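Below is one structure; the comments refer to it alone.
As the structure is a prediction and not an experimental result, all values here were calculated from the model.
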Amino acid sequence: CRLHPSRIQRMRLSRRTTVNDHPSRVTGVFLDEQAHEAVLLIDGENYRITEADFRTLGFSEGDWLGDGELEAVCKAAERLRCIRKAMDCLSYGDMSGKKLLGKLTPRFDRELAASVVELLRKRGYVDDAALSARMAISFYENKLWGPLRIRSELAARGFSSEDVAAALEPLETCDHTDNIRTLTEKKFGVLDLADYAQRSKAFAYLYRCGYESADITDAISRLEQEER
C-alpha cells in the first residue's frame, strides 16, 4: 500500500491539528465473521484484512493511527490479497508448495508469499507428501510411466527429494511386466522379440518411459516365455 505524495502532504499538515499528533483515523469497522475478514475504513479508504490480523491489530472505530500503525494495516491488506491469490491458484488444482510460491512471487514480496504458503500448509491446503504420493500412483497406473520418469516429473513439479522418495517407495516392489506389455502393444503392436532391431527400439522406448534396464530385460524375458 503506497501513499500518494499529496496524501503525505495532507498527513503532515494534519499532524498539527489531530489528537496525539496522529495523522489518520479509523472511521468505520466492519467484521465479516463468516468470511473471517474485516474492513477498516481509514480516511475514506477501505482496507480489507483477515479476521486474525484485525484482532491482532486491535483497532476500533475512532482510533487515531500513526504512520507505523497505518503501515501495519497496509501490510495486513497485502497479506489477505496474497492469501486470496494463493487460494485462486489452488482452485485450479493441487500443487506443491514450491510451485505455488513460484506463482505468487511475481506479484508479491517473496517473504510474504513464503509466509502465506506456510500458512496454507499448516491449514492443510498444501500437502506435498500426500500430493506427490497420489501423483506417483496416477502416473504409474494411468500413463504407465516407470519410476525413473516419475521421479523426474515430480522433481520438476517442485517436490522435495524426501517426498519424491517416499512417493516412489510403493513402486519398488511392483512387477512392471503388465505396464511394459501394454506400452509395447500400444507403440509397436505385435512385437517380434526375436527381431533384434525391434527389440532394441522397444528397449529404448521403455527406457524413455522411465523403466530401468534390469526391469525392462526381466519383463521382456517374461514376455518371451509367454510366447513359447
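Checked for salt-bridge contact, Arg84 and Glu37 meet the test: a charged N lies under 4.0 Å from a carboxylate O. Ion pairing between Lys75 and Asp53 fails under the 4.0 Å rule for side-chain N and carboxylate O.
Distance check: Leu131 CG to Asp94 CG gives 5.5 Å after rounding to the nearest 0.5 Å.
One N or O on the side chain of Arg25 and one on the backbone of Gly62 form a donor-acceptor pair closer than 3.5 Å. With Ser138 contributing its side chain and Arg134 its backbone, the two residues share no donor-acceptor pair below 3.5 Å. Side-chain atoms of Glu69 come within 3.5 Å of backbone N or O of Gly66 as a donor-acceptor pair. Remark: side-chain polar atoms of Asp63 are paired, donor with acceptor, to backbone N or O of Ser60 under 3.5 angstrom. At least one donor-acceptor pair under 3.5 Å links the side chain of Asp128 to the backbone N or O of Gly97.
A donor-acceptor contact closer than 3.5 angstrom links the side chains of Tyr211 and Asn179. No side-chain donor-acceptor contact under 3.5 Å links Arg157 and Ser96. Side-chain contact of Ser24 with Asp43: a donor-acceptor pair under 3.5 Å is present, judged by distance alone.
By the 4.5 Å heavy-atom criterion applied to side chains, Arg222 and Asp175 are counted as neighbours. In this structure the side chain of Arg181 reaches within 4.5 angstrom of the side chain of Asp178, judged on heavy atoms.
A 6.0 Å sphere centred on OH of Tyr207 holds no more than 12 heavy atoms belonging to other residues, nucleotides or ligands.
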